[in-house]
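Down below is the structure, laid out as C-alpha cells.
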Amino acid sequence: MSDPADLTISEAGAAMRAGALTSVDLTEAVLQRARVTESELHAFLTLDQAGAKSAAEAADASLAAGDDAGPLHGIPIALKDNMCTKGIETTAASQILSGWVPPYNATVVDRLAAAGAVVVGKTNLDEFAMGSSTENSAYGTTRNPWDTDTVPGGSSGGSAAAVAAGSAMGGFGSDTGGSIRQPAALCGVVGLKPTYGLVSRYGLIAFASSLDQIGPFARSVDDAVVLLEAIAGFDIHDATSIRGEVPNFRGSLNEGVAGLKIGIVTELSTTGIDPEVKAAVSRTVDRLSDAGADVVDVSLPSCEYGLSAYYLIAPAECSANLARFDGVRFGHRAEGLTTEDMMAATRAEGFGPEVIRRILLGTYALSAGYYDAFYGQAQRVRTLIRRQFSAAYEDVDILVSPTSPTTAFPIGDRTADPIAMYYADVCTIPVNLTGDPGISVPVGLDSKGLPIGFQLMAPALGEERLLQVAKVVEDQAVFTDRAALATSEVAS
Amino acid sequence: MTDYEAVIGIETHVELMTDSKMFCGCPVIFGEPPNTTTCPVCLGLPGAMPVPNAKAMEGILKIGTALDCEVAEISYFHRKNYFYPDLPKNYQISQYDVPICHDGSIAIDVDGAPTMIGITRVHMEEDTGKSIHMGGGGRIHDAEYSLLDFNRSGVPLVEIVTEPDIRSADQARAYGAELQRIVRTLGVSDARLEEGSMRFDANISIRPVGQEELGIRAEVKNVNSLRSLQRAVAFEIERQIAHVEAGGTVVQETRHWNEESGKTTSMRSKEESEDYRYFQEPDLVPIEVSAQWRDAIVAGLPELPAAQRARYEALGVDNRVAGVLTSTEGIGELFEEAMEAGGDARLIGNWLSGEVVAWTRNENKAVAEAHLEAAHLVELAGLVADSTLSASAAKQVLGGVLAGEGTPTEVAEARDLVQISDSSVIEAEVDAVLAAQPDAVASIAGGDMKPIGFLVGQVMRATGGKADPKQVSDMIRAKTTS
Ligand SMILES: [Zn+2]
C-alpha cells in the first residue's frame with residue numbers, strides 16, 4: 001500500500017472500516033509527513049502531535065465500539081490558526097496574540113470534533129488573514145510544496161500547503177477575498193468558499209465580518225463535500241448564519257453537465273491574466289462544452305470595481321474588528337505610562353505593517369466627511385455587483401473564471417508593492433461581495449510546473465450545482481500530479 | 001437686563017432587567033464578584049459574536065410604545081467606535097441613523113401647568129464594563145492603576161433622548177420622575193438612579209427670551225438622583241446666565257455635577273469632538289418588528305402612570321397625592337386594593353402619600369415592611385366616617401398600625417383614642433376651659449372670633465384629643481356668643 005498520507009478521505013475511511021488502517025496509523029503517517037516537510041514548508045504554527053495521537057486513539061476505540069461518526073471519523077485535518085481552539089494557542093499569525101490560548105472552541109472546531117476528525121495542528125496564514133501569499137505572517141513564510149521558492153498563496157496558505165503536501169488529509173481556511181480559493185489554486189488542491197452564512201463564523205477571529213467565510217481544502221471534490229458537510233448548518237451563536245435545513249450537497253454530484261448553462265465572466269478572464277492561465281481556463285471550458293454544457297460569455301462590468309470596493313469595505317470592518325487587540329484583556333501588552341500609551345504601544349508593537357496599513361485605510365474610509373465618498377460608495381458598488389450577478393444567474397447556472405491571474409509567484413516578489421499583491425484577489429473578490437459560493441479546482445500545470453486553478457461560482461446556496469460542475473471539471477482535467485514535497489523521498 | 005430662557009434636552013440610559021445580557025447568555029445580576037458573569041462574547045474575546053436577546057427587544061418596544069413612539073419596521077445595529085479600557089471590543093453595539101423607536105412624547109405637569117416633552121428617539125445598545133481607578137485622584141488620568149469589572153458589560157441598555165423641550169429645572173425633574181414611573185410600571189427595569197440602572201445626562205443652554213436660535217449647550221453628567229437632576233440643571237442655568245451677563249460666552253463642553261459642592265465643573269471641551277465612525281454592525285442582521293409583534297406589545301401594556309393618575313383624580317384624590325401614589329413602590333398597590341374594598345379615596349390617598357411615605361423615610365424601610373394592609377386602611381376610614389375617631393386620632397392610630405400594634409380598632413382602644421360620644425362629658429370640659437379663660441371669652445363676646453381656635457385646642461388637650469373638634473367648636477361658639 002502507498003503512504004496512507006496520500007490517500008483521499010474516502011479511501012482512508014474505507015480502509016479504516018475494512019480494518020486495513022487505523023486512525024492512529026493514518027495520523028502517524030500524516031504527522032511523519034509533517035515532521036519531514038515542515039522544515040522547508042512551514043505550513044504549521046502549532047503541530048499538536050500529542051493531541052492528534054490521543055484523538056486518533058479515541059477515534060479508533062469508538063469505531064471499534066461501533067460508534068461511527070461518519071466519513072470524517074479518524075481523519076487527520078488541519079485548521080487555519082484564526083479559528084479558536086480551546087486549550088491550543090491561537091495567534092492569527094500575529095505577534096499581538098502570541099501565547100493566547102482561547103478558553104473556547106469555534107463552532108467549526110466543535111462540529112469537526114463531533115464528526116470524529118483528528119486535528120493535527122494550526123496552520124500558518126497572513127496575519128489576521130490579510131494577504132495573498134502567507135508572507136505577512138509574524139511567524140515566518142509558508143512555502144509552496146510545488147516549488148519552495150514560491151509562495152503558497154494566502155491568506156490560508158498553511159492549510160493549502162499542508163493538504164497539498166500530505167501533512168493533513170483535509171484542511172480548513174477562511175475566505176474573505178479569495179483566501180481559500182487563491183491558495184488552493186496556487187497549491188493545486190480544491191478550495192471551497194461556501195455561501196456566506198452557511199458555515200458559522202463563531203470563533204473565527206474576524207477580519208471583515210460581512211465577507212469572512214470558513215471553508216475546506218481537499219485533494220478532491222468528493223473530499224471537499226465530506227469536509228463541508230461536517231461544518232455546514234445554522235449556529236445559534238452566529239446571528240448571520242442561515243436558518244433552516246442544511247441543503248444536500250451531493251444530490252447531483254455525479255450527474256454531469258449536460259444541459260447546464262455555464263458563463264465565462266469576461267471581466268475576470270481577460271485583462272491581466274497570465275497567458276498560460278488563460279489557455280488552461282479555455283481548455284477547461286472547451287472540455288465542459290464537450291461534456292454537454294452550453295458555454296457562453298457573460299459580461300459583468302461592475303466586477304472591475306470589485307477590487308476597489310473590497311479594499312474599502314474589508315479594511316473598514318477590520319479597523320473595528322481589530323480594535324479589541326489593545327493589551328487590556330489578553331495577548332501581548334506593551335509598557336506605557338498611561339492606559340492610552342499602553343494601548344497605542346501594544347498595537348504598534350503587536351501588529352505587522354500590512355495590518356496597520358489596512359486599519360489606517362479602514363479608519364480613514366469610515367471617518368466623518370469621508371464615509372460617503374469611500375465606505376458609502378463601496379457599499380453601493382457592492383449592491384451593484386450583487387445585482388449584476390443575480391441577473392446573470394437568471395440566464396446561466398454557473399459562472400467561471402480563472403481563480404488567480406497567475407500561478408505561484410516567487411517569495412518576496414510582491415511584498416514591496418501592496419497593490420500588486422492586492423491584484424492577486426481580483427478574480428476571487430466578487431463572490432465575497434455577493435455572498436455567493438465559489439470553488440477552485442486544479443486543472444493543470446504551467447510551463448514551470450506550477451498548478452493552475454479554475455474558479456466556479458454559483459448563486460447563494462447553490463453548492464449542490466457548484467460541486468456537480470466542479471466534479472466534471474476535476475474528472476475532465478485528470479489532474480494527478482502531486483506536489484514535489486509530497487512525492488520526494490519524504491515517507492522513508 | 002436681558003431675560004433668559006433655558007433650553008434643556010435629556011438623554012436617559014435605562015438598564016433592562018432581562019434574565020440574560022443583550023448579546024450573550026450571561027446572567028444580569030448585580031453584586032456578584034468582579035468578572036464572574038462574563039463569557040467570550042461580553043469580554044470581546046477574538047472570534048466571539050453577538051446574538052440579540054429577544055426579551056431585551058421586547059423591553060425596548062414596551063418603552064417606545066409607552067412613550068407613544070413610532071416603531072421602525074426595520075432598524076439597524078451600528079458599531080460606535082472609540083477606545084476605552086472598559087469597552088471590551090473598543091466599539092459599542094448601538095443604533096445610529098435608524099433607531100427602533102422614534103418621535104414620541106411624555107406629558108408632564110409642573111404646578112398645574114401641563115407640558116408635552118417630545119421624545120426624539122429610543123434606541124437599543126449594550127452597556128460597558130466598569131473601571132475602578134485605584135490610588136491618585138481616583139480618575140483615570142491620575143490613578144496609580146485601574147481595575148476592570150466586565151460583569152456589567154453587555155447588559156441591555158435603552159437610550160431615551162428628548163427634544164430640547166424642557167425649560168426649567170422643575171420640568172427636568174418632572175420629566176425624569178415621570179420617565180422613571182413609566183419604566184417601573186412597565187416592569188422592564190428597576191430604574192434606580194443611585195445604582196446606575198437609570199442615568200441622566202442633561203444638555204443645557206440658554207438664550208434671550210424671544211430668540212429662535214439655540215444657544216451653545218453644555219452636557220451635564222453624573223446626576224444620580226432626581227433631586228440632583230433638578231439641582232444640577234438649576235445650577236447650570238444660573239452659571240450660564242451669570243457667565244454671559246459677565247461678558248463671557250458658553251462653550252460646548254461636558255460638565256461633571258458634584259453632589260457635595262452643588263456645582264458643575266468642566267470635564268472636557270467638545271472642541272476635539274469624537275468621531276465615532278459609525279457603520280452598520282456586520283455581525284447582526286437588521287431588526288424587523290412585524291405589525292403583529294408591535295400590536296401584541298401595545299395590547300400587553302399595563303395602565304400607565306398618567307392614566308392611573310387621571311383615574312385616581314376622578315376618585316377625588318388631588319393631583320399631588322395622585323403623583324405620589326403612582327410613583328412610590330408598594331403604595332399604589334395598597335391604594336388599588338383599598339379602593340377595591342370600597343375605602344374612601346381622598347382619606348386613604350392622603351394617609352398613604354403623607355403618613356405612610358413619611359414612615360418609610362423615617363424608618364428607612366419599604367412599605368412592604370410595615371404591618372399595613374389595605375383592609376386596615378378601609379377600616380380606619382370607616383372609623384373616621386362614623387366619628388369613632390377624629391382625623392388627628394386616626395393619624396395616631398395609623399402610626400400604631402404601621403408599628404405593628406394591631407388593627408386600627410385594636411390600636412384605637414389600646415391607645416384610648418376613641419372619640420367621646422357622650423356630649424355631657426365634653427360640655428363639662430368646655431365649661432371648665434371657659435371658666436379658666438375669661439379674657440378669651442370676653443374677646444369673643446366683644447365680636448373677636450379669633451380665640452375660638454385657641455379654646456378648642458384647650459378642650460382637645462384636656463380630652464386627650466378624643467373630643468370631636470367640630471362639636472367642641474360649635475359648643476364654645478354657642479356658649480360665648482349667646
Ligand atoms: Zn457574556
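Below, read A as the first sequence line, B as the second, and so on, with proteins coming before strands; counting in each chain starts at 1.
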Exercise. With only heavy atoms counted, which part of A:Phe330 is less than 4.5 Å from chain B, the side chain, the backbone, both or neither?
Worked result: side chain
Exercise. Contact part of A:Ala316 toward chain B, heavy-atom cut-off under 4.5 Å: side chain, backbone, both or neither?
Worked result: backbone
For this session: Examine whether an atom of A:Thr363 lies under 4.5 Å from a heavy atom of chain B, and if so say whether it belongs to the side chain, the backbone or both; otherwise answer neither.
Result: both
For this session: Measure centre to centre between the rings of A:Phe128 and A:Phe207, then say whether the value is under 6.0 Å.
Result: no
Exercise. Would you call B:Arg199 and B:Asp127 a salt bridge, using N to O less than 4.0 angstrom?
Worked result: yes
For this session: Select one option (side chain, backbone, both, neither) describing which atoms of B:Leu43 are under 4.5 Å from chain A's heavy atoms.
Result: backbone
Exercise. Are the ring centres of B:Phe279 and B:Tyr91 closer than 6.0 Å?
Worked result: no
Exercise. With a 4.5 Å heavy-atom cut-off, do B:Arg277 and A:Tyr370 have their side chains touching?
Worked result: no
Exercise. A:Leu322, A:Asp326, A:Asn321, A:Val328: which one forms the most heavy-atom pairs within less than 4.5 Å of chain B?
Worked result: A:Asn321
Seminar exercise, completed: Counting heavy-atom pairs under 4.5 angstrom with chain A, the leader among B:Pro40, B:Pro282, B:Pro46 is B:Pro46
For this session: Check each atom of B:Asp283 against the heavy atoms of chain A and say whether the ones under 4.5 Å are side chain, backbone, both or neither.
Result: both
For this session: For B:Glu253 and B:Ser266, test the side chains for any donor-to-acceptor distance below 3.5 angstrom and give the result as yes or no.
Result: yes
Problem set entry | Pair B:Ser189, B:Glu15: side-chain N/O donor-acceptor within cut-off below 3.5 Å | no
Problem set entry | Options A:Ser319, A:Ala320, A:Ala208, A:Ala368, ranked by heavy-atom pairs under 4.5 Å with chain B, top entry | A:Ala320
For this session: Kindly indicate, with the supporting measurements, whether the criterion side chain to side chain contact (heavy atoms under 4.5 Å, CB included) is fulfilled by A:Val119 and A:Asp48.
Result: CA-CA 8 Å; A:Val119 175; A:Asp48 185 18; 6.0 Å; no
Problem set entry | Heavy-atom proximity to chain A below 4.5 Å, by part of B:Pro88 | both
Problem set entry | Part of B:Pro50 lying under 4.5 Å from any heavy atom of chain A | backbone
For this session: Identify which part of B:Phe150 has an atom lying under 4.5 Å from any heavy atom of chain A, answering side chain, backbone, both or neither.
Result: side chain
Problem set entry | Residues B:Asp86, B:Arg152: salt bridge by 4.0 Å N-O rule | no
For this session: Sort A:Ser367 into side chain, backbone, both or neither according to what part of it lies under 4.5 angstrom from a heavy atom of chain B.
Result: both
